[in-house]
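Here is the structure we will look at.
Everything quoted here is computed from the prediction, not taken from an experiment. All chains are named by letter (A, B, ...) in the order of the sequence lines, taking the proteins before the strands, and each is independently numbered beginning at 1.
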Amino acid sequence: MHWSTIIYCGIITYLTRFSMIFLLKKDILNDKTKKILSYVPSAIFPAIIFPPIFLDSTGSLDFESNPKILATVFAIIIGFFSRSIIATIFVGLISYWFLIFVYY
Amino acid sequence: MNKRLKTLTKGITDVSPLMIPVVPFGIIFGVIGMELGLSSYMTFGMSVIIFGGASQIVLLQLFSGGASSLVTITSVGAVNSRHLLYGAVFSEYLSHLKFSWKVILSYVLIDQAFAVSNTYFKKNKENEFKHYHLLGAGFTCWTVWQISTILGIVLGSVVPEELGLSFTISLTFLALLINDFREFKNIIVMLVSGIVATIGYNTIPFQAYIIVAALSALLVATLLTLINLKKN
């Protein structure tokens, strides 16, 4: 690893955050665009969430004996009813630990 | 209380619950960095210079796989493309600010700060100091991230791998979406993104699966929005 790689990655990360705030003016977005942009978190986060849950360490799909799927389902159910971010994460992690250390 | 300070404090308290999973995330990053044989300065330097969990984890993954600098930098760019969209959402609230404010706020515009400040901005459009919310939320994330990176560097190999702490990365992002589960259209968009990313993880080059998945899901979101407009 070279420092230059880290610095370039830092610059790219910063520029992606900076560019749109700096370039766009207030009324450039119409209501339709804003409505579509409201889906942005739903469009991006699952791309980070899904692969580590459904793929094993070799990168193949793993539906059987996969404690992460069950733990995620528990987390979603609790999160849906409690609307609590902390409860979602804790239930997910605790049920995961229960599954890997006790159940399996 | 002064309105600036009040908004700043609100940003800090709003984002604080999201910091609980950030701590193990930062520790994991620090531990992995050390395990891969990076110096502690370099591992900590990544957290200060890049300041983005997903980018830093992808950078380490690719480094350990022996990817070239060009592939690594391109991949980090792909992972970060989501920030373009955050900025596009936020520009509505932040476009009136001075250049120096935009320079500072851009540095801390990360997932967790975006999530809480976006909610706050929607409800408090009239507050002229609303950007202090993002400042408070963003620098809280920054401080917690740096401290937990240092903890990870210090802990090194002490944290047992069996705890599966990397699962908290998925749980954190999942928790950020929990309020969107109430709308059916959001769930469709999430499924498209997740399925494309899972299938594309091995098939799409340059770790571009995140941006490909996001663009596919946004395309579906656009179609759903247009169909809905036609109906009304």
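Note that the CG atom of B:Asn179 and the CZ atom of A:Phe80 stand 10.0 Å from one another [nearest 0.5 Å].
Residue with the most contacts toward chain B among A:Tyr96, A:Phe54, A:Phe101, A:Tyr8: A:Tyr96 (heavy-atom pairs, distance under 4.5 Å). The choice from A:Ile100, A:Leu61, A:Ile76, A:Ile53 that makes the most heavy-atom pairs within less than 4.5 Å of chain B is A:Ile76. Note: B:Gly194 leads B:Gly194, B:Ala217, B:Ala197 in heavy-atom pairs under 4.5 Å with chain A. Chosen from A:Gly10, A:Ala47, A:Gly92, A:Ser84, the residue pairing most often with chain B at heavy-atom distances under 4.5 Å is A:Ala47. Chain B forms the most heavy-atom pairs under 4.5 Å with one residue out of A:Pro51, A:Ser42, A:Ser4, and that residue is A:Ser42.
Contacts between B:Asn202 and chain A at a heavy-atom distance below 4.5 Å involve the side chain alone, from C-beta outward. Proximity to chain A (any heavy atom under 4.5 Å) is shown, for B:Gln56, by neither the backbone nor the side chain. Residue A:Tyr39 touches chain B through both its backbone and its side chain, counting heavy-atom pairs closer than 4.5 Å.
At distances below 3.5 Å, at least one donor-acceptor pair connects side-chain atoms of A:Tyr14 with backbone N or O atoms of B:Val103.
In this structure, A:Ile89 and B:Ile20 have side chains that are not in contact, with every pair of non-hydrogen atoms separated by 4.5 Å or more.
A cation-pi contact, defined as under 6.0 Å to the ring centre and within 45° of the axis, is absent between A:Arg17 and B:Tyr107.
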